[in-house]
Protein chains: 2
Amino acid sequence: MSIQARRERERAERERAIIAAARELAESEGWEAVTTRRLAAEIEYSQPVLYSHFKGKDAIMAAVAVEGCADLAVDLAAARAAATDPRRAVAGIATAYAAFAERRPALYDAIFTLPVDLSFGTKETPVELARAFAELAQTLRPFAGDDDLETFTETFWSGLHGLVTLMRNGRLRRDEHERRLAILVDRFTRLG
Amino acid sequence: MSIQARRERERAERERAIIAAARELAESEGWEAVTTRRLAAEIEYSQPVLYSHFKGKDAIMAAVAVEGCADLAVDLAAARAAATDPRRAVAGIATAYAAFAERRPALYDAIFTLPVDLSFGTKETPVELARAFAELAQTLRPFAGDDDLETFTETFWSGLHGLVTLMRNGRLRRDEHERRLAILVDRFTRLG
DNA sequence: CCAGAACTCTAGCACCGCTAGCCAATCTGC
DNA sequence: GCAGATTGGCTAGCGGTGCTAGAGTTCTGG
């Protein structure tokens, strides 16, 4: 019985190790450096063990993405908590969002842009992402006006996401980044 | 002399054929189906011929992207021309933008999300994309207020881009799409 | 103690982007 | 008109990818 327990514990540890290795490799060298062979070498097991834990490489990336959601939620919550008034709260959370994307591009990509098998439109959203979204929604609540809060939040979020992704791909002038953020915040915090 | 001319003409035709094949394949089966082997088979030449026209697969994708920019510019111009008043013009161009992204996802990806070697932040922007951007800017001009028009346009554009990409990746509720577009337009067309 | 189950590994498949080097057709100068 | 240089396309292959079949080893329960 106890042996069984140890086995399961070791298995769980190994799964954590896989996710951690994937995340570290992606953050330090980008996702294109994350191959199943390198991952296997990193955890000091052979390739096929990866497939006894995850359905495929996509599933590993999805696991990393879910972890990343938790980090994002923490950052956003901190930004919201630090704000002194509603409008500054929106500015702060927007800055925090952009900073997260810039500081952890690989993680951000895993969550939002890579075609990973995470369909969190409406059904099985990972709870970590729901928390991040809720932080945004709470911050925006005073400015939603007549619009549905969730829809309003989705729209603002899309604005942030667009700014972040277009800039990273070199489609926007980098030096205007803060000005664009300010415009977005300004337009979404007008009352009436 | 004339032989030389024929040669160059045939070469140019072949280059067009490569781009067309890449585009069609991407639009019908997605970019993951566009491999150099399939492309070569499509144009009925061997693989290495592709590399005598383009530096690599990325360059082929970039060429498709540039073509796509022209299409996008046409759609946006038509939407702007069809509008009766400034506010409706913004709504119309936003709808046209979203429709383009939905109707031609592969093309849209090539232009905006795939890591293709098109650095059109500020320097060598393809003229086709500049046209599309200018359409947006002209439409938004009445609503920029004190903000720099280019920066303002970039921000609005990012909003559209975020809506489009997040929805396609299943990160947004599909049935709220039009409502989100309306919110974005509303927030960017308030005067004062 | 041993048969069977559970687990991990080696080896390999089919595919990818890309390129070296050969070979035939063409052009050039005599 | 013809030898030699040049061009242009081809075959074949390199080193990589995600993934898996099947062999071998270790552990477990009777």
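Keep in mind the model is a prediction, meaning the values are calculated, not measured.
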What side-chain donor-acceptor pairs closer than 3.5 Å can you find for residues 75-89 of chain B, not counting sequence neighbours?
| from | atom 1 | to | atom 2 | distance (Å) |
| --- | --- | --- | --- | --- |
| B:Asp75 | OD2 | B:Arg103 | NH2 | 2.8 |
| B:Arg80 | NE | B:Glu135 | OE1 | 2.8 |
| B:Thr84 | OG1 | B:Arg88 | NE | 3.2 |
| B:Asp85 | OD1 | B:Arg87 | N | 3.1 |
| B:Asp85 | OD1 | B:Arg88 | N | 3.1 |
| B:Asp85 | OD2 | B:Arg88 | NE | 2.7 |
| B:Asp85 | OD2 | B:Arg88 | NH2 | 3.2 |
| B:Arg87 | NE | B:Thr189 | OG1 | 3.3 |
| B:Arg87 | NH2 | B:Asp186 | OD1 | 3.2 |
| B:Arg87 | NH2 | B:Thr189 | OG1 | 3.3 |

- Query: Does a sphere of radius 6.0 Å around CZ in B:Arg11 hold more than 12 heavy atoms from other residues, nucleotides or ligands, not counting ones at 6.0 Å or beyond?
  - Reply: yes

- So with a 6.0 Å cut-off around CZ of B:Arg14, is the heavy-atom count from everything else above 12? yes

Shortest side-chain distance from [X], nucleotide among [options]:
X: A:Lys57; options: C:dC18, D:dC10, D:dC19; value: D:dC19
X: B:Tyr51; options: C:dT10, C:dT19, D:dC19; value: C:dT19
X: A:Gln47; options: D:dC19, D:dG13, D:dG9; value: D:dC19
X: A:Ser46; options: D:dC19, C:dG17, C:dT8; value: C:dT8
X: B:Thr35; options: D:dC10, C:dG17, D:dT20; value: C:dG17
X: B:Arg37; options: C:dG17, D:dA21, D:dG9; value: C:dG17
X: B:Val49; options: D:dT11, D:dA21, D:dG9; value: D:dG9

Calculate the interatomic distance between [X] atom [atom1] and [N] atom [atom2]; express it in whole Å.
X: B:His53; N: C:dC18; atom1: NE2; atom2: P; value: 15 Å
X: A:Glu32; N: D:dT17; atom1: CD; atom2: C1'; value: 13 Å
X: A:Phe54; N: D:dG18; atom1: CZ; atom2: P; value: 15 Å
X: B:Glu44; N: D:dG9; atom1: CD; atom2: P; value: 14 Å
X: A:Leu50; N: D:dT17; atom1: CG; atom2: C1'; value: 14 Å
X: A:Ile18; N: C:dT8; atom1: CD1; atom2: P; value: 10 Å
X: B:Asp58; N: C:dG17; atom1: CG; atom2: P; value: 10 Å

- Evaluate the side-chain proximity of A:Trp157 to A:Leu140: yes if any heavy-atom separation is below 4.5 Å, no if none is. no

- Scan side-chain atoms only and decide if A:Ser158 and B:Arg171 contain a donor-acceptor pair under the 3.5 Å cut-off. no

- Under 4.0 Å between a side-chain N/O of A:Arg14 and OP1 or OP2 of C:dT8, yes or no? yes

- Query: For the residue pair B:Phe188 and B:Phe152, does the interplanar ring angle fall in the parallel (under 30°), tilted (30 to 60°) or perpendicular (over 60°) class?
  - Reply: tilted

Please tabulate the protein-to-nucleotide N/O contacts below 3.5 Å involving nucleotides 22-25 of chain C, giving atom names and distances.
none

- Message: Please classify the nucleic acid contact of B:Arg38 as base, sugar-phosphate, or nothing, using heavy-atom distances under 4.0 Å.
- Response: nothing

- From A:Ile19 atom CD1 to A:Glu24 atom CD, the distance as rounded to the nearest 0.5 Å: 12.0 Å

